[in-house]
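Because the structure is a prediction, the values reported are computed rather than measured. Chain A is the first sequence line, chain B the second, and so forth, proteins listed ahead of strands; every chain is numbered from 1.
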Number of protein chains: 2
Amino acid sequence: MAVEVMAEQGVAGLTLGEVARRMGIRPPSLYVYFDGKHALYDALFERGWRLLLERMQAAEARMEGHDPFADYREGLDDFVRWAVEHPAYSALMIWRPVPGFVPSDRAYAPAIALAEMGRAAIVRLRDGGILPPEVDVDRAYRISTALVAGVISQQLSNAPGESFDGGTWTAVLPDLLDMWLAHHRSPVRPSPGDPS
Amino acid sequence: MAVEVMAEQGVAGLTLGEVARRMGIRPPSLYVYFDGKHALYDALFERGWRLLLERMQAAEARMEGHDPFADYREGLDDFVRWAVEHPAYSALMIWRPVPGFVPSDRAYAPAIALAEMGRAAIVRLRDGGILPPEVDVDRAYRISTALVAGVISQQLSNAPGESFDGGTWTAVLPDLLDMWLAHHRSPVRPSPGDPS
DNA sequence: GTCTATACTACGATAGAC
DNA sequence: GTCTATCGTAGTATAGAC
């Protein structure tokens with residue numbers, strides 16, 4: 001499996017020869033399934049986002065909640081958990097480790113679907129009274145992605161071996177979500193000269 | 001210059017031949033300066049962190065401030081600005097794009113010095129009364145790095161061309177710092193069943 | 001769908017002359 | 001410190017038989 005090779009050798013260290021070896025076939029046989037290395041990366045990129053999308057859809061279906069923010073928190077928890085548990089996929093999906101590789105529109109589709117889910121979740125928080133009516137949905141979404149990306153990025157690059165539970169950086173995710181909620185409930189921008 | 005090659009071809013796309021070509025010499029001549037490709041990456045890694053360290057030390061010297069939080073905010077601004085303006089360095093420094101490359105202790109030294117600067121800055125905020133005396137310095141530091149890494153990571157991978165001023169993700173950095181400050185002043189952890 | 005055989009390219013690295 | 005020459009390897013990809 002190509003994903004295992006990426007996990008062991010690094011995303012950019014993926015070679016068709018190694019993939020073929022593990023599949024018990026010869027490199028040329030891979031061309032039956034993929035039109036070359038770029039297409040393989042593209043398929044991996046798409047599958048990664050699709051797996052994560054399905055995970056988030058399952059999480060969404062599982063809730064139907066009386067506490068929308070708890071649901072939201074759980075959703076982002078699931079997101080980060082998946083990312084930390086699939087570091088090879090994550091690196092390919094959120095970083096740019098492969099020189100010259102640009103995902104196709106098709107491969108991007110599930111990532112876009114996830115972004116729409118994220119914005120919809122924020123709209124639900126707004127409509128549920130958790131966030132104020134005047135909240136800037138797009139900005140709040142961008143902030144939330146920065147929080148999530150920050151935790152994932154730090155966890156994967158500084159302590160790749162740690163699990164989601166017990167991770168040095170995943171441990172601060174609850175703080176970040178509390179921060180996020182409090183900020184959107186009462187956005188405070190202290191003026192520089194305010195001595196209070 | 002090797003940095004330019006990384007910027008154009010991607011960090012993992014760096015080749016000794018291309019570096020030599022731009023220097024107007026032949027590949028074997030590079031071995032006078034570096035003991036091979038790994039050593040080149042190591043030197044780039046170290047130089048990146050050292051440049052950033054020097055930038056942050058200069059920023060620190062420049063302040064001597066009456067408003068410690070404004071100073072802190074400016075410091076993180078500088079940090080993110082440097083990262084966004086040096087995407088090739090940043091990718092090598094905060095991601096893991098090169099299969100098999102592990103920075104040496106020597107190359108890590110300036111990164112460690114920067115981490116100590118970050119913690120010291122938080123201690124100053126605490127001693128200056130901006131943060132409460134009981135603040136968990138290490139945790140607050142980790143949270144701040146997650147914020148910064150999140151913005152940099154999102155900006156570099158989703159909109160690499162944008163400048164620091166006017167960046168889609170750098171634009172939310174002030175929100176994140178406000179959040180961070182407010183959180184540490186009054187950390188709120190709402191219980192799941194709290195209907196308030 | 002899988003194989004062998006092979007072409008082609010690229011790269012890292014070393015030896016040794018100047 | 002730079003060169004030419006070269007080795008060795010690895011990797012992508014294609015052709016064509018089975």
- Message: For A:Arg73, is there an ion pair with A:Asp77 - N to carboxylate O distance below 4.0 angstrom?
- Response: no
- In plain terms, say whether B:Asp71 and B:Arg124 are close enough for a salt bridge, that is, a side-chain N and a carboxylate O under 4.0 Å apart. no
- OP1 or OP2 of D:dG1 less than 4.0 angstrom from a side-chain nitrogen or oxygen of B:Ser29, does that happen here? no
- Query: What nucleotide, of D:dT12, C:dC3, C:dG12, holds the atom closest to the side chain of A:Ile25?
  - Reply: C:dC3
- Take atom CE of A:Met23 and atom C1' of C:dG1, then tell me their distance rounded to the nearest Å. 11 Å
- Rounded to whole Å, the CG-C1' distance (B:Leu30 to C:dC11) equals 13 Å
- Task: Mind calculating the distance between CG (B:Leu14) and P (C:dC11) to the nearest angstrom?
- Result: 10 Å
- Mind running side chain to side chain contact (heavy atoms under 4.5 Å, CB included) on B:Thr168 and B:Asn158 for me, showing each step along the way? CA-CA 9 Å; B:Thr168 306; B:Asn158 293 332; over 6 Å; no
- Item | Sugar-phosphate only, base, or nothing, as touched by A:Gly24 at under 4.0 Å among non-hydrogen atoms | sugar-phosphate
- Task: In whole angstrom, give the distance that lies between atom OH of B:Tyr41 and atom P of C:dG12.
- Result: 8 Å
- What is the distance, rounded to the nearest whole Å, between atom CZ of B:Arg26 and atom C1' of D:dC3? 8 Å
- Query: Taking 4.0 angstrom as the limit, do B:Arg62 and B:Asp78 come out as a salt bridge?
  - Reply: yes
- Note on the structure: A:Leu16 atom CG is separated from C:dC8 atom P, nearest whole Å, by 20 Å
- Query: For A:Glu18 and D:dA10, what is the distance between atoms CD and P respectively, to the nearest whole Å?
  - Reply: 11 Å
- Task: Answer yes or no: is there an ion pair linking B:Arg21 with B:Glu18, defined by an N-O contact shorter than 4.0 Å?
- Result: yes
- What is the nucleic acid contact for A:Thr15, judged by heavy atoms within less than 4.0 Å: base, sugar-phosphate only, or nothing? sugar-phosphate
- Describe the nucleic acid contact of A:Pro28 in one word from base, sugar-phosphate, nothing, applying a heavy-atom distance below 4.0 Å. base
- Contact class for B:Tyr33 (heavy atom, under 4.0 Å): base, sugar-phosphate, or nothing? sugar-phosphate
- Query: Tell me: CD of B:Gln9 to P of C:dA10, nearest whole Å?
  - Reply: 12 Å
